[in-house]
Amino acid sequence: MRQVHTNHSLLAHNTFHIESSAGYFSEPSSIDELKYLMEYAHQRELEQLVIGEGSNMLFRNNFEGLVIHPLMSGIHKTDESDSEILVRVGTAENWDNFVSFCVDHSWYGPENLSLIPGSVGSAPVQNIGAYGVEAKDLIEYVEAYDKQSGELVSFSNQACEFAYRNSIFKHGQINRYIISHVVFRLSKKSELNLEYGNVKEYFEKQAEQNLSTLRDTIIKIREQKLPNPDEYGNAGSFFKNPVIQRSLFEDLLKRNSTIPHYSSGSNHVKIPAAWLIDQCGWKGSREGDVGCWPNQPLVIVNYGQASGDDIYRFSEKIKKSVKEKFGIELEREVKVIG
Ligand code: EPU
């Protein structure tokens, strides 16, 4: 059976590069090993936390319970038609390696999600998204271990209840399921999504325009805007883009005629959190080893030895100033532990 480590460092398991530790830590690679761990945790009454690559987590404190880092891997084609392909991928596969694999095989769909940090199993949890594509557009079903029944269960796309950076695995049933595999429906048709922001403009500068150069374009755009977590600890967007009532938006528009916005249903409007934070003067600011990234203020960075609590307190100051200036409550995208 898989070993359970005690007092295990989580430094290599979170992209903020926070030094914290897990009371117990284990990396199961099969459902049987998971079952054993559940029994182990139950006997000792341990709280459990499942992690992927820790690219969306902020550890404020040590975690006294059992951290489970599932290692189910593999990328396998399970079905194919003239126009589509079904691919089953293990939860531990690195997301960007999977995207690269798809591009190499001319499977269309995930290319706009190039270079997003994290594991495949995390993609459905927060319905990762970028440049006009979300995980929900590609997921056929999700396989998970149900801690309550001890059985393997499968969630259709609809059953996942996907929403903007949200799913059934993040709200409501957060602690019940452990994702083992994700099955994607990808396309063989050469259709590219160039609608978001300046993607088209950048893409057209490429000498050749195909699936592979679209991936290169997305990587270039991301590298210009976002800090590389290997160099500067971060977890991507710290907050979600807030969706506000249209009436509040109309009020704000009177005071800020240039406020960027996107319609979100007939009664709501989505505002870029980056703009709100920028307007409050945080862009490029720094307090000790914590700062707001100069090219994208929605990203909070650990410039060195910041603790999880330093980052959390900095983020609360940002939240407070946005609330004071705009009356808008920012909601964290990052999951705070402790
Ligand atoms: N903006 C500013 N100042 C800045 C940067 C941006 O005012 O310094 C404003 C601009 O109006 C810009 C707008 O913010 O048009 C949107 O910026 P951007 O296109 O960079 O995207 P975002 O809304 O800030 C979202 C996702 C990103 C994803 C990008 C591209 C969320 C919370 N974030 O960011 O996802 O890469 O779109 O699709 O939805 C992540 O989730 O971790 C993440 C990085």
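Counting convention: from 1, in listed order, for ligands and their atoms alike.
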Participant: Hey, is K323 close enough to E316 for a salt bridge, meaning N to O under 4.0 Å?
Facilitator: no
Participant: Salt bridge or not for R176 and D146, using N-O below 4.0 Å?
Facilitator: yes
Participant: Can you list every pair that meets ring pair (Phe, Tyr, Trp, His ring centres under 6.0 Å) and has a residue in residues 175-222, with sequence neighbours left out?
Facilitator: W95-F184, F98-F184, Y131-Y196, F155-Y177
Participant: Salt bridge (charged side-chain N to carboxylate O under 4.0 Å, His left out): which pairs involve residues 59-68, sequence neighbours left out?
Facilitator: R60-D309
Participant: For ligand 1, list all ligand N or O to protein N or O distances below 3.5 Å, rounded to 0.1 Å.
Facilitator:
from     : atom 1 : to   : atom 2 : distance (Å)
ligand 1 : 3 (N)  : D278 : OD2    : 2.9
ligand 1 : 8 (O)  : K283 : NZ     : 2.7
ligand 1 : 19 (O) : Y196 : OH     : 2.7
ligand 1 : 20 (O) : K225 : NZ     : 2.9
ligand 1 : 20 (O) : Q296 : NE2    : 3.0
ligand 1 : 21 (O) : Y196 : OH     : 3.2
ligand 1 : 23 (O) : N241 : ND2    : 2.8
ligand 1 : 24 (O) : Q296 : NE2    : 2.9
ligand 1 : 33 (N) : S237 : OG     : 3.0
ligand 1 : 35 (O) : R165 : NH2    : 3.1
ligand 1 : 37 (O) : Y196 : OH     : 3.4
ligand 1 : 38 (O) : Y131 : N      : 2.7
ligand 1 : 39 (O) : Y164 : OH     : 2.7
ligand 1 : 39 (O) : R165 : NH2    : 3.4
ligand 1 : 41 (O) : R165 : NE     : 3.2
ligand 1 : 41 (O) : R165 : NH2    : 2.9
ligand 1 : 41 (O) : E333 : OE1    : 3.0
ligand 1 : 41 (O) : E333 : OE2    : 3.3
ligand 1 : 42 (O) : S237 : N      : 2.8
ligand 1 : 42 (O) : S237 : OG     : 3.4

Participant: Please name all residues satisfying side-chain hydrogen bond (donor to acceptor under 3.5 Å, both in side chains) with E287, sequence neighbours left out, ordered by chain then number.
Facilitator: K317
Participant: Salt bridge or not for E250 and K254, using N-O below 4.0 Å?
Facilitator: no
